[in-house]
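We number each residue from 1, following the sequence as shown.
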Amino acid sequence: MTENDRPAERFRVVRYDTRGHGRTPVPPGDSTLDDLTDDVVALLDRLGVAQAHVVGLSIGGMTGLRLAVREPERVASLAVLCSSAHTGNVQTWRERAETARTQGTAVLAPTVASRWLTPGYAAAHPELVARLEAMISATDDEGYAGCCAAIAGMDLRPDLGRVTARTLVVSGADDPALPPEHQQLIADGVPGARLLSLSPAAHLANLEQPDQVTDALIAHATGGTA
């Protein structure tokens, strides 16, 4: 969720690696958003969790939205951070997948990480930038490419009106990867959704504004307002 551990004081917090990332297995070929959603359902079933407060950033937010549409009874509340219902740059994601497969994720790491933090925050935290770049470089090439394909093939815009879970949308005002208009579209499309815009914050708003994001998530999960 964030590096702040306060949510764990009130909730059972489960964090997982998306397929192809970290220690999660790498299936061959392209993945779809429904594949990623199937993984979440399987994880909840394995843990015996009937219903959860779902929090997702970027591709995690896309997965959360799809889960809320497909399995509404599993989602007690939904928080979508720095995400999109449709990126609009399908070819870019396909090209990124091809680069990962042919040249490796290390080639992509500096450019990708540069979009995750505002320039000022990145300059003040070079050790964090190095850690993020190392994380990207360590991601399995095929796993990264498969998830790029899932993003390229995704269009959740027709589904937004079907989300029934209480929804919080968090936007990084300075996010060059998925700018605020993407989160505004989600907030406008999901019935009753609330939008929280944070500045300064880029794509990893939870790292630049950990206290504000954590406060908002706890308030949302407990039925209050941030």
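Salt bridge annotation for Asp141-Arg101: absent, with no cationic side-chain nitrogen under 4.0 angstrom from a carboxylate oxygen. Ion pairing between a basic and an acidic side chain is recognised when a charged N comes within 4.0 Å of a carboxylate O; Asp38 and Arg70 show such pairing.
Side-chain atoms of Tyr144 and Val26, non-hydrogen and from C-beta on, never get closer than 4.5 Å to each other. Side-chain contact check for Leu195 versus Val170: every heavy-atom pair is 4.5 Å or farther apart. Put simply, the side chain of Thr18 does not reach to within 4.5 Å of the side chain of Thr24, judged on heavy atoms. The shortest distance between side-chain heavy atoms of Ser31 and Arg19 falls below 4.5 Å. Thr105 places none of its side-chain heavy atoms less than 4.5 Å from the side chain of Asp140. Between Asp39 and Tyr16 the shortest side-chain heavy-atom distance does not fall below 4.5 Å. His125 has its side chain out of reach of Leu207: every pair of non-hydrogen atoms, C-beta onward, lies at least 4.5 Å apart. Residues Glu142 and Pro27 fail the side-chain proximity criterion, which asks for heavy atoms closer than 4.5 Å.
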Practice problem: Evaluate the side chain to side chain contact (heavy atoms under 4.5 Å, CB included) criterion for residues Val129 and Tyr121: first the C-alpha distance (whole Å), next the side-chain angles of each, then the deciding distance (0.1 Å), finally the verdict. | Solution: CA-CA 9 Å; Val129 175; Tyr121 194 86; over 6 Å; no

Quiz item: Is there a side chain to side chain contact (heavy atoms under 4.5 Å, CB included) between Asp175 and Cys82 once you walk through the steps?
Solution: CA-CA 8 Å; Asp175 185 355; Cys82 306; 3.9 Å; yes

Self-check item: Residues Val169, Leu196; criterion side chain to side chain contact (heavy atoms under 4.5 Å, CB included); working and verdict
Solution: CA-CA 6 Å; Val169 183; Leu196 172 63; over 6 Å; no

Practice problem: Would you sort out whether Leu132 and Met135 count as a side chain to side chain contact (heavy atoms under 4.5 Å, CB included), showing the intermediate values? | Solution: CA-CA 5 Å; Leu132 294 174; Met135 180 185 69; 4.2 Å; yes

Quiz prompt | Test log, rule side chain to side chain donor-acceptor pair (under 3.5 Å), inputs Thr214 and Asp211 | solution = CA-CA 5 Å; Thr214 300; Asp211 290 336; 5.7 Å; no

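Every pair passing salt bridge (charged side-chain N to carboxylate O under 4.0 Å, His left out) that includes a residue from residues 55-68 is listed here, sequence neighbours excluded: Asp34-Arg66, Arg66-Asp159.
Distance check, rounded to the nearest 0.5 Å: NE2 of His21 to OG1 of Thr139 gives 5.0 Å. The structure places OG1 of Thr99 at 5.5 Å from CG of Leu108, a figure rounded to the nearest 0.5 Å. To the nearest 0.5 Å, atom OG1 of residue Thr102 and atom CD of residue Glu98 are 5.0 Å apart. Between the CG atom of Asn206 and the CG atom of Leu198 there is a distance of 10.0 Å, given to the nearest 0.5 Å. Note: Met62 CE to Ser83 OG = 4.0 Å, rounded to the nearest 0.5 Å. Here the straight-line distance linking atom CG of Leu81 with atom CD of Gln183 works out to 9.0 Å at 0.5 Å rounding.
For the residue pair Pro180 and Gly172, the shortest heavy atom distance occurs at CG-O, 3.7 Å. Across Ala145 and Ala97, no two heavy atoms sit closer than the pair CB-O, 3.4 Å. Ala221 and Phe11 make their closest contact through CB-CZ, 3.6 Å (heavy atoms, listed as atom of the first residue, atom of the second, distance).
Residues Val163 and Leu168 are members of separate hydrophobic clusters, defined by side-chain heavy-atom contacts under 4.5 angstrom among Ile, Leu, Val, Met, Phe, Trp and Tyr. Hydrophobic clustering of Ile, Leu, Val, Met, Phe, Trp and Tyr side chains at less than 4.5 Å, counting indirect connections, unites Leu36 with Leu43. Cluster membership check: Leu33 shares its hydrophobic cluster with Leu160, using side-chain heavy-atom separations under 4.5 Å among Ile, Leu, Val, Met, Phe, Trp and Tyr. Both Val213 and Leu204 belong to a common hydrophobic cluster when Ile, Leu, Val, Met, Phe, Trp and Tyr are linked at side-chain heavy-atom distances under 4.5 angstrom. Under the 4.5 Å side-chain heavy-atom criterion for ILVMFWY residues, a single connected hydrophobic cluster contains both Ile59 and Met154.
Checking His203 against Ser58 by side-chain atom types alone, a donor-acceptor pair falls below 3.5 Å. Under 3.5 Å, the side chains of Gln184 and Ser171 contain no donor-acceptor pair of N or O atoms.
The closest donor-acceptor contact from the side chain of Ser114 to the backbone of Thr111 lies under 3.5 Å. Proximity of a side-chain donor or acceptor of Glu208 to a complementary backbone N or O of Thr118 within less than 3.5 Å is detected. Without hydrogens or angle criteria, Asp174 side chain to Ala202 main chain gives no donor-acceptor distance under 3.5 Å.
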What donor-acceptor contacts under 3.5 angstrom involve side-chain atoms of residues 71-80, with partners at least two apart or in another chain?
| residue | atom | partner | partner atom | Å |
| --- | --- | --- | --- | --- |
| Arg74 | NE | Ala50 | O | 2.8 |
| Arg74 | NH1 | Asp45 | OD1 | 3.0 |
| Arg74 | NH2 | Asp45 | OD1 | 2.9 |
| Arg74 | NH2 | Val49 | O | 2.8 |
| Ser77 | OG | His53 | ND1 | 2.7 |

